[in-house]
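Structure record follows, encoded as structure tokens.
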Amino acid sequence: MVIQAAPAAPAVSANRRSRIFTSKSPRSLRRVLSAVWLPATYSYVGLLSAIAVALTMVSAKSETRIVLHASTNLHNLTTGRFGTLFSSAFLVGEGAATVFVIVPLLACLLALAERRFGTVKLLHTFLVGHIGATVLVAVGLWIAVESQLVPNSITMVEDVGVSYGAMAVVGALVAVVPAHRRFVWAASWLTLALGGVVCWHTFTNVGHFLALCLGLGIGRLMIRRQATPHPLNWPETLLLAVGSVFACLMLLG
């Protein structure tokens, strides 16, 4: 009986293995880089952190002067200082709580939005919420001051922060949650924001509610214009959860 050896499997040459590896590697690298390349989030968070740290290095009097100079209060807006509509978005306070708690939580919210919407749509949403809610609140305050419903001192208050823009982003994220949960998402945040208005009666709470409504409107437009979004993966779900914690702190803080 003659035993024949089984034919050997064709060997893959070193050249071929190298071609397979090099053809897949750039594609995988591009996929990873595109997932973590979030220029708007990195730039904004970096500036917020740098400014927060810088404010710790000046006196309390200088800090107050800087904040008032950048505030979107009625005094600044009615005297034509419209640049405060932008500068006010770069001040979130000073100290360790801002740098190590508020800014990282905000970063998670912005990162998710930039991953799903893209840089341009994130900037558009944030600016519409920040500027739109600020202008609407300012108009309401001006009417209230002119009608003597609120004291004139309210025209000089400190009014800076990221919360209006952030709440617009929260509203727009209705476009990325599963379709059967969109109503719950919108209704829950609207209830929470409106509850803040009822409980605390501040113009900031009104601004949060208005910014959220603007964001929900943007999210609705995104839903109408886009195909069915792919489901959130686990890193995006984690970003959504952490971003929701930030939004709750803004509404309840």
Side-chain angles (χ1 to χ4, degrees), residues 41 44-45 48 52 67 71-73 85 88-95 97-114 116-117 122 125-141 144 150 154 157-177 181-220 222 232 236-253:
T41 299
Y44 188 49
V45 166
L48 288 176
V67 172
S71 290
T72 50
N73 54 38
L85 290 169
S88 59
F90 291 93
L91 291 169
V92 288
E94 50 87 15
T98 296
V99 176
F100 296 112
V101 179
I102 299 301
V103 172
L105 292 177
L106 172 65
C108 292
L109 176 68
L110 299 181
L112 173 61
E114 190 166 6
R116 299 306 295 256
F117 301 157
L122 168 63
T125 303
F126 190 92
L127 288 175
V128 166
H130 179 73
I131 297 176
T134 297
V135 171
L136 290 172
V137 168
V139 170
L141 283 177
V150 296
I154 202 170
V157 298
E158 296 181 0
D159 187 14
V160 296
V162 302
S163 58
Y164 290 175
M167 289 312 303
V169 173
V170 170
L173 286 175
V174 70
V176 306
V177 300
R181 295 180 181 173
R182 286 171 181 163
F183 175 78
V184 174
W185 178 266
S188 299
W189 288 114
L190 284 171
T191 301
L192 196 58
L194 191 58
V197 175
V198 172
C199 292
W200 288 287
H201 308 287
T202 69
F203 69 84
T204 301
N205 293 112
V206 174
H208 290 159
F209 179 77
L210 293 173
L212 178 64
C213 291
L214 291 171
L216 287 170
I218 293 173
R220 179 60 182 167
M222 290 182 185
L232 295 169
E236 291 174 334
T237 301
L238 181 60
L239 289 174
L240 182 65
V242 177
S244 298
V245 171
F246 172 79
C248 287
L249 290 177
M250 292 297 99
L251 291 176
L252 303 176

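Between Glu114 and Leu122, the closest heavy-atom pair is CB-CD2, 3.6 Å. Closest heavy-atom contact between Leu106 and Leu48: CD2-CD1, 3.5 Å. Closest of all the heavy-atom pairs between Val67 and Ser71 is O-OG, 2.6 Å. When every heavy atom of Gly171 is checked against every heavy atom of Trp185, the shortest pair comes out as O-NE1, 4.4 Å. Pro104 approaches Val101 most closely through the heavy-atom pair CD-O, 3.3 Å. Shown here for Arg182 and Ala175, the closest heavy-atom pair between the two residues is NH2-O, 3.6 Å.
Residues that satisfy the side-chain contact (heavy atoms from CB on, under 4.5 Å) test with Thr125, not counting sequence neighbours, are Ala168, Val169, Ala172, Ile218, Met222. With sequence neighbours excluded, the residues that form a ring-ring contact (aromatic ring centres under 6.0 Å, His included) with Phe90 are Tyr44. In terms of the side-chain contact (heavy atoms from CB on, under 4.5 Å) criterion, residue partners of Ser188 (sequence neighbours excluded) are, by chain and number, Val184. Under the salt bridge (Lys or Arg N to Asp or Glu O under 4.0 Å) criterion, Arg116 pairs with Glu236, sequence neighbours left out.
Contact annotation: the side chain of Val45 approaches that of Thr41 to within less than 4.5 Å [non-hydrogen atoms, C-beta and beyond]. Here the side chains of Leu210 and Tyr164 are not in contact, with every heavy-atom distance at 4.5 Å or above. Using a 4.5 Å heavy-atom threshold, the side chains of Phe203 and Asp159 count as touching. The shortest side-chain heavy-atom distance between Leu190 and Leu216 falls under the 4.5 Å cut-off. At a threshold of 4.5 Å between non-hydrogen side-chain atoms, the residues Cys213 and Trp189 do not count as touching.
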Between Val242 and Leu109, does a side chain to side chain contact (heavy atoms under 4.5 Å, CB included) hold up when you go through it step by step?
-> CA-CA 7 Å; Val242 177; Leu109 176 68; over 6 Å; no
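For CZ of Arg220, the number of neighbouring non-hydrogen atoms (other residues, nucleotides, ligands) closer than 6.0 Å is 12 at most.
Between the CG atom in Leu251 and the CG atom in Leu194 there is a gap of 11.0 Å [rounded to 0.5 Å].
A side chain to side chain donor-acceptor pair (under 3.5 Å) check over residues 199-208, counting only residues at least two apart or in different chains, returns the pairs Ser163-His208, Thr202-Asn205.
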Would you tabulate the side-chain donor-acceptor contacts of residues 126-136 under 3.5 Å, counting partners in other chains and residues two or more places apart, or write 'none'?
{"from": "His130", "atom 1": "NE2", "to": "Leu85", "atom 2": "O", "distance (Å)": "2.9"}
{"from": "His130", "atom 1": "NE2", "to": "Ser88", "atom 2": "OG", "distance (Å)": "3.0"}
{"from": "Thr134", "atom 1": "OG1", "to": "His130", "atom 2": "O", "distance (Å)": "2.5"}

